[in-house]
Amino acid sequence: DLAGKHADFTVTVLQVRRRTIPDATDAWAQMVTGGQAQNMDELREIVSQNMTRSADESDREAIRAELIRQLVEGAELELPEFMVDEEYEHLMEQLRHQLSRDHMSLEDYANMMGATVASIEQERRVLARDYVRRSLVLQEVARREDISIADEELDMLVRMVAMSSGQTPNEMSRSALKRMRKELEE
């Protein structure tokens, strides 16, 4: 009702702040690294090493992703529809859960994305097929190469994932824990 009408406001400024950039001194280098670097030269070396390590990890991940993509693309296999259906339901449940946290319905989300509910469901179905295909290929590679993960490592990963979602493994549903264990084993 107030659109287009004139309004006057009185504002009280409580505080004015100015961002200042600290001088790059040896003392600052010690402070920002918690004593790891004693001077700016050591800080530069640490930053350089971190950047190199990060770039190396990024390169390894890109190579790994490309290798997996090629393996999955080249694989000839029939996808069990029950697995695709199960993955699809899981993806839709994840989406619904995320949307409920944002107080949105699937219809609202579709409208916001300029899509239809049917097209979003179809996208999730395609994703489910891709995930199942990838999972089956990686399971076969692990079987052929006799790759496994120790139960202790698997339990630790499950706990980490649960905690990152703000839950304890005990708070998570039994099916979510079973699914998580299965995915991590793959």
Side-chain angles (χ1 to χ4, degrees), residues 1-69 87 90-117 119-121 123-124 126-128 130-131 134 149 152-173 176-177 179-181 183-184 186:
D1 289 335
L2 298 177
K5 295 189 178 173
H6 183 76
D8 290 321
F9 293 94
T10 302
V11 178
T12 303
V13 178
L14 300 175
Q15 188 175 32
V16 176
R17 294 183 180 194
R18 180 174 54 176
R19 180 176 286 181
T20 58
I21 299 173
D23 293 332
T25 64
D26 292 346
W28 180 77
Q30 289 176 358
M31 182 191 70
V32 297
T33 63
Q36 247 186 319
Q38 297 303 310
N39 55 49
M40 287 302 297
D41 288 337
E42 288 179 15
L43 176 59
R44 283 186 193 93
E45 182 60 29
I46 289 171
V47 169
S48 175
Q49 289 172 357
N50 288 344
M51 291 175 68
T52 300
R53 188 177 317 112
S54 178
D56 289 348
E57 288 172 11
S58 180
D59 289 347
R60 278 193 300 279
E61 181 55 34
I63 290 167
R64 179 181 168 276
E66 178 60 19
L67 180 64
I68 290 171
R69 186 192 65 74
E87 184 64 27
H90 174 71
L91 291 172
M92 290 303 295
E93 183 57 35
Q94 278 183 325
L95 178 60
R96 285 187 198 98
H97 179 73
Q98 179 183 355
L99 292 174
S100 72
R101 283 194 325 245
D102 295 335
H103 308 289
M104 290 181 78
S105 68
L106 187 55
E107 292 78 14
D108 293 338
Y109 176 71
N111 288 334
M112 183 180 79
M113 298 302 291
T116 64
V117 170
S119 67
I120 288 172
E121 289 171 341
E123 287 174 9
R124 295 289 188 224
V126 169
L127 273 177
D130 291 346
Y131 289 170
R134 182 177 186 268
I149 185 168
E152 299 81 29
E153 290 177 271
L154 194 55
D155 289 341
M156 182 187 68
L157 289 169
V158 167
R159 282 193 302 276
M160 287 172 52
V161 171
M163 290 172 66
S164 72
S165 69
Q167 299 176 320
T168 67
N170 293 338
E171 293 172 330
M172 297 183 76
S173 71
L177 283 172
R179 176 178 189 72
M180 191 183 312
R181 274 186 78 80
E183 288 174 359
L184 290 171
E186 297 167 359

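Because the structure is a prediction, the values reported are computed rather than measured. Here, residue 1 is the first one in the sequence, and each next residue gets the next number.
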Of all the heavy-atom pairs spanning I120 and A115, show the shortest one and how long it is.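 Of all heavy-atom pairs spanning I120 and A115, the closest is CG1-CB, 4.3 Å.
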Residue pair G35 / Q38: nearest heavy atoms and the distance that separates them: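 The answer is O-NE2, 2.8 Å.
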Residues in side-chain contact (heavy atoms from CB on, under 4.5 Å) with [X], at least two apart?
X    : answer
D23  : T25
M51  : V47
V126 : Q122, D130
A29  : M40, L43

Any donor-acceptor pair under 3.5 Å from S100 side chain to H97 backbone: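 Here the side-chain-to-backbone pair exists.
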Point-to-point distance, once rounded to the nearest 0.5 Å, from [atom1] of [X] to [atom2] of [Y]:
X    : Y    : atom1 : atom2 : result
L106 : E121 : CG    : CD    : 6.0 Å
M104 : N111 : CE    : CG    : 8.5 Å
I63  : L67  : CD1   : CG    : 9.5 Å
S105 : R96  : OG    : CZ    : 11.5 Å
E107 : L99  : CD    : CG    : 10.0 Å
R64  : D59  : CZ    : CG    : 14.5 Å

Which residue is it: E123, H90, R124? I am looking for the one with a side-chain contact (heavy atoms from CB on, under 4.5 Å) to L95. R124
Under a plain distance cut-off of 3.5 Å, with no hydrogens placed, do Q98 and Q94 share a side-chain donor-acceptor pair? no
Min side-chain heavy-atom separation Y109-M112 under 4.5 Å: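 Of all side-chain heavy-atom pairs linking M112 with Y109, at least one is under 4.5 Å.
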Under the side-chain hydrogen bond (donor to acceptor under 3.5 Å, both in side chains) test, which residues partner H103, sequence neighbours left out?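 If we apply the side-chain hydrogen bond (donor to acceptor under 3.5 Å, both in side chains) test to H103, skipping adjacent residues, there are no hits.
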Considering residues at least two apart in sequence or located in another chain, which fulfil the side-chain hydrogen bond (donor to acceptor under 3.5 Å, both in side chains) criterion with R44? D41
